[in-house]
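I have placed the structure first, in the form of structure tokens, so that the comments after it can refer back to it.
All residue numbers refer to positions in the sequence shown, counting from 1. This is a predicted model, so every value here is computed, not measured.
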Amino acid sequence: VLPNNAPLTDTPLASGTVTGLTATITGLNPATDYDLYVKVNCGTTIGESFWSLRVDFTTGCAPITTPFFQNFDTTPVGSSANPSTPVCWSFLAPPYVDWDSGYGYTYQWTSYSSPHSFYITNNYDTSGDFILVGPETVDLGNGTMQLRFYAQGDWDGGNQLIVGTMSDPAQANTFTPIPNGTITLTGSFGEYEVEIPAGTNDYFAFKLDASSTYSNVYIDNVHYEPLPSCLGVQFGSLTATGVTDVQATLSWVSSSTNFDVEWGPINFTQGAGTLVSNVANNYVLNGLTQSTEYSYYVRSNCGVDGTS
């Protein structure tokens, strides 16, 4: 057994002599391509045959127990009929029939980090499931991990990506949405974080909300990583309610209890606004000017554990 495409003259990774037609090879790495050669040993009198033609094989995927990163950049570009997912990833969709069918594949024309991302579209299909499934883990960290990734929606935004977990990567009906894991996308790449809850499902997955025709999503730079010591604010959860001529109530979704708010004129440059530290959720912002548009940012403030 040799590394894939290695010369036959190289030192083998595994070799030996067996009696019979089967052999068990140990010590190989998961999800790795190898080459196998076999020859007949007829003893010292008759000698050995020539080596057989090369046989290629790939070892199976082992559950991942450590953080990892996938940017799709080394995965070959696919097509509407060829998903071309990274090793140990998979893509679920109804069978591709024609241009009305949805599909997903590694894509080279739009990405957060060049050259590739993973692209999903449903075209006219509003009833099918279109799901990018990550590699197998062990219980998805059982409450200790999160997903951090970049995603972009339609050019005018508004469509949604649903982050969830699965028990069977081949069965779309095992997809379970993560609470607060439905993300409304924009027409440019944004970074999102989704906390993976404790449970027994072994796969994370990204599902296109296909409730409307021609919904498009691009996914890039996926991190499977430990939860930070200071948990942040859910992306897309910020609201402003109870707005009057001089104040507004600012709210968001987070498991933290202490926050910093930076506010200023609409689309202000972050760092150039007014910072208010150590406030609670549902913060009442005063001192506004009537008939004026504003923006605000929020981060968790965890004291000695830093900020999100």
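Of the candidates Phe118, Phe72, Tyr224, Trp89 forms a ring pair (Phe, Tyr, Trp, His ring centres under 6.0 Å) with just one, namely Phe72.
Using modelled atom types, one finds a donor on one side chain and an acceptor on the other under 3.5 Å when comparing Thr184 with Gln160. Between the side chains of Ser251 and Asn282, at least one donor-acceptor pair of N or O atoms lies under 3.5 Å. There is no side-chain donor-acceptor pair under 3.5 Å between Asp305 and Ser229. Side-chain N/O atoms of Thr307 and Asn301 include no donor and acceptor closer than 3.5 Å. A donor atom on one side chain and an acceptor atom on the other are found under 3.5 Å apart for Ser127 and Asp125. Residues Tyr119 and Asn216 bring a donor and an acceptor atom of their side chains to less than 3.5 Å of each other. In summary, the side chains of Asn123 and Asp100 do not present any donor paired with an acceptor at a separation below 3.5 Å, with no hydrogens or angles considered. Looking at Ser117 and Asp220, their side chains never bring a donor and an acceptor atom within 3.5 Å of each other. Neither side chain, Asn221 nor Asn71, offers a donor N or O lying under 3.5 Å from an acceptor on the other.
A salt bridge is absent between Lys207 and Asp209: the closest approach of a Lys/Arg side-chain nitrogen to an acidic carboxylate oxygen does not fall below 4.0 angstrom.
Between Tyr112 and Phe149, the gap from one ring centroid to the other reaches at least 6.0 Å. The distance between the ring centers of Phe57 and Tyr34 falls below 6.0 angstrom.
Residues passing the side-chain contact (heavy atoms from CB on, under 4.5 Å) test with Leu288, sequence neighbours excluded: Ala248, Trp263, Leu285, Tyr294.
Using a 4.5 Å cut-off between side-chain heavy atoms of Ile, Leu, Val, Met, Phe, Trp and Tyr, with links allowed through other members, Tyr192 and Ile131 fall into different hydrophobic clusters.
Closest of all the heavy-atom pairs between Asp73 and Ser114 is OD2-O, 3.2 Å.
Around OH of Tyr124, the count of heavy atoms belonging to other residues, nucleotides or ligands within 6.0 Å does not exceed 12.
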